[in-house]
Structure formats: C-alpha cells, structure tokens
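Notes follow once the structure below has been shown.
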Amino acid sequence: MSNSNWPLWEIFIRSKNGLAHKHAGSLHAADAKMAIENARDVYTRRMEGVSIWVVRSSDIVASSPADKDFLYEPANDKVYRHPTFYEIPPEVGHM
Amino acid sequence: MENQALLERFQNYVDAENKIEAKDWMPDGYRKTLVRQIAQHAHSEVVGMLPEGNWISRAPSLRRKAILISKVQDEAGHGLYLYSACETLGVERDALIEELLSGKAKYSSIFNYPTVSWADIGAIGWLVDGAAIVNQVSLQRTSYGPYSRAMVRICKEESFHQRQGYEIMIALAKNGNEAQKRMAQEAFNRWWWPSLMMFGPSDSASAHSGQNMAWKIKRHSNDELRQKFVDMTVPQAEYLGLTIPDKDLKWNESTGHYDFGEIDWTEFNEVVKGNGPCNKQRLQTRNKAHEEGAWVREAAMAYARKQEERQAVSAA
C-alpha cells in the first residue's frame, strides 16, 4: 500500500521578484506539474508568491544534526571575519 | 527583430523598479550585457586572489596571516556567487572559466599591478576593496535579481576587507617608524590612481553606459561613483598623514566635492589591452593552477561514479 503513496515534494515560493525562493513547506503529488498546481492552491491562496519551485524531497540531501559540531567548529575562532573586529577611528567616517 | 511590445513592457517593468528574474523574458542585449558584466566581475574576484595570495606566506604576524587567508577565501566565495548568478542566464561555468584562461575574457585591470611590499596589502584592502564597495553598494540595486542578491551577500562580507586594510595602514602610516611610514606612502602612491581607474572610462567615453543605465543594470555612472570614492577616501588618507599623489586635488566649496586631476587614460587602456605590469603573470598563474588541479577534479568525479555504481549493485 505504501508503495502507491504519491511522492513528497518540497515547495519553495518567491514572494516577489528580487527576493530568493524560500522554503514554504511540502506536499504530496503524483508528478511535478501536479505539485506546482497543488502548491499554488496550498501556499499562494493569498498572493504569497510570484514563482514556485518544487523539488522531490528524496532529491534533497541534508546535513546531519549530529555533525553540527565538526561542520561549524572552524568558524568559531575566526572572529576576525567580522568588521567589528577592527577598530576604525570615528574621524574617518563610516567604513 | 525583437517584438516592440515586449521591449516596451520590459522597459516599463524595469522603470517601475521591478527585478527581472531568470525565467522572465528579457531582451537579448540585456542578457548579453549581464553575462559579460557578471562574468567579468566573477573573474575579477578570482584573479583578485593572486596579488594578495602573494603575501600570505610572508605576512608579518600570525594574526595578519589568518586575516589575509580569510580575506582571500572570501574572494573565492565571491567568485562563486557571481559565477552562479551568471549561470542563471543560461551559460555554462566551464565556458566562462575557459574564456578567462584563454585570455578572451576581461577582468578588473587593478589586479594586473604587483604587490611589492606588505603595505600594498593594506592599500589594497583600504583602496581597492573600498572602491569595489562603492561600486557594489550601487549594484545591489541592479535590475537583475540573481546579480542583485549576490551583491547584497558580497557587500555584507566586504566591510571586513576594507577595515583590515585600513588597520594595516594605521599600523604603518600612523603608528609606524619612519621606514614604515615611507613604505605606506609608496604603496599609497602606487594604488591611488589605479583605484580611481577601477570605475572605468569617464562617462563621456563609456561605450555601454546609456543603455545599461536605462535597463538599470548600472545605477550610477562611472564618474558619479568615482567622485563618491574620492570624497570618502581623502579624509581617510589625511587621518593617516598620507599625501595624495595628485597636485590638482583640492576641496571645492561650491560643489561640495573634491576636485581631482586627470586620470592617465593611456595607462588604463594599455593595462586593459593586456600590457600592464602583471597581465601575463596573472593568466599564467591561473592556467597553471587550473592544470595542476585537473587530477583533483577527475578523481572527485571518478569517486562519485564509483560510489554510484556500488549503490546500484547493492540495491539490485
């Protein structure tokens, strides 16, 4: 029975031109066309979007929460990547 | 001949400050101009790593070295954002890289100047990144969405680049000994004029300006941006106690801007044509790095294919 489930799709909506598509949620659909139509009905009923991307959930590869420590540890001690690390005298204006 | 109605609708859409996105209809000229400009911008980020990379192994302290590595790393990231934005217009990354390596594509001429002393690293961060920021802040409002978003991200990261450069200049020009002060002044003399040239030909001589402004690919003219940079930078140079290498530079009370001398456009054109001090060296270095990295790219693909085959076998 579970084999006949429609595949799951992740839905990304661009709220207006100039902004990036943002993950809105997911839904089941038989194919990409139906996924876009359903996403239209579910996620843009109140003019939330001007463009829809649908991606099969199974095509998304996510990092593992368990890897959090070693994935992001290298950035921990690099405070010098932030502009506020440098003292700029007020006399020279915004930099 | 493109449909006049489509062109008009496009212009009205842009005039109303709307962003164009990858799947929207756009005039061929708009697409071509963007591909050229974004690709040049991406190449500049990549080649821009070379003059600074020259000093990573000779940075005067571990602190400066870590900072410089981080900055150069950022430039690689900026190249990536821009190549990706360019690819939304239907060009292949490999084709873009090929144009850079063959010398067909242009990149910012500033990177064809050498970094002969440590003070050049300070001057680049302060002046070259400073000029780039003025240009890129303006481009955040460019009409092409993916380019605009890349600019927003880049500007956010760029501020640290300029500030670390200025900090180097403070250490040398303001707090340094006589020799260090001289070194800072010499670096300033080397980078001042090329930095002004970064904004491109003056408006009266700029070939594409009119159409690009109408399409809002560009939001400010070359001369406007150059003036803005001069006005910002002169007080910063004065604070450092540096002398601006331009006898015509003076505050103009009536315009509220600094007047400055004529740029040596002959030099500019020569460097653009490939006759700058380091044009050949930069391309050679890029080509060498690309060739020497070939086995890594091949190995990664071979590994991926092997993993795929194994998975197919175990699934069967």
Side-chain angles (χ1 to χ4, degrees), chain A residues 2-3 7 11-24 32-33 35-37 39-40 43-44 47-56 58-64 67 70-95, chain B residues 13-14 16-24 63-71 73-74 77 125-126 129-130 133 137 140-150 152-153 155-171 174 231-240:
Chain A
S2 69
N3 279 342
I11 312 301
F12 298 83
I13 305 279
R14 187 203 299 287
S15 60
K16 73 184 254 246
N17 270 22
L19 300 177
H21 288 77
K22 204 175 156 201
H23 187 237
K33 185 164 172 281
I36 287 186
E37 286 165 0
R40 188 269 317 266
Y43 292 109
T44 67
M47 318 264 294
E48 289 94 334
V50 295
S51 165
I52 301 171
W53 282 354
V54 299
V55 182
R56 265 178 187 265
S58 57
D59 283 340
I60 289 185
V61 181
S63 65
S64 162
D67 296 342
F70 80 77
L71 273 179
Y72 307 113
E73 184 278 331
N76 279 346
D77 60 353
K78 294 180 181 60
V79 59
Y80 48 81
R81 283 178 177 154
H82 296 273
T84 45
F85 180 75
Y86 306 90
E87 264 184 52
I88 299 298
E91 296 95 303
V92 303
H94 177 74
M95 193 179 281
Chain B
Y13 190 71
V14 168
E17 292 296 332
N18 293 300
K19 298 283 186 221
I20 306 301
E21 295 291 348
K23 291 188 130 186
D24 294 338
R63 179 182 183 276
R64 295 278 185 221
K65 183 173 181 166
I67 291 168
L68 187 56
I69 290 173
S70 262
K71 179 183 189 296
Q73 200 179 19
D74 274 2
W126 169 36
D129 287 85
I133 289 170
V137 163
Q140 287 183 121
R141 289 177 56 236
T142 187
S143 58
Y144 187 55
Y147 192 25
S148 157
R149 288 191 289 279
V152 170
R153 190 176 270 269
C155 283
K156 230 156 104 185
E157 296 180 355
E158 199 87 62
S159 167
F160 127 58
H161 297 179
Q162 194 187 15
R163 290 169 71 115
Q164 65 84 33
Y166 198 69
E167 195 194 65
I168 292 173
M169 294 308 279
I170 290 178
K174 206 163 167 66
D231 290 345
M232 279 170 53
T233 309
V234 170
Q236 294 164 358
E238 282 168 354
Y239 177 83
L240 294 171

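Just so you know, these numbers come straight off a predicted model, no measurement behind them. Chain letters run A, B, ... following the sequence lines, proteins first, then strands; residues in each count from 1.
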Scored by heavy-atom pairs under 4.5 Å with chain B, the best of A:Pro83, A:Pro89, A:Ala20, A:Gly93 is A:Pro83
Heavy-atom contact with chain A under 4.5 Å, split by part of [X]:
X	answer
B:Ser159	both
B:Tyr147	neither
B:Asp24	side chain
B:Glu157	neither

Point-to-point distance, once rounded to the nearest 0.5 Å, from [atom1] of [X] to [atom2] of [Y]:
X	Y	atom1	atom2	result
A:His82	B:Lys156	NE2	NZ	11.5 Å
A:Lys78	B:Gln73	NZ	CD	8.0 Å
A:Ile88	B:Gln236	CD1	CD	8.5 Å
B:Glu17	A:Asn17	CD	CG	13.0 Å
B:Arg63	A:Phe85	CZ	CZ	4.0 Å
B:Ile170	A:Tyr86	CD1	OH	12.5 Å

Do B:Trp126 and A:Met95 have side chains that approach each other closer than 4.5 Å (heavy atoms only, starting at C-beta)?
yes
message: Keeping B:Arg163 on the side-chain end and A:Glu87 on the backbone end, is there a donor-acceptor pair under 3.5 Å?
response: no
A:Ser51 meets the side chain to side chain donor-acceptor pair (under 3.5 Å) criterion, sequence neighbours left out, with A:His21
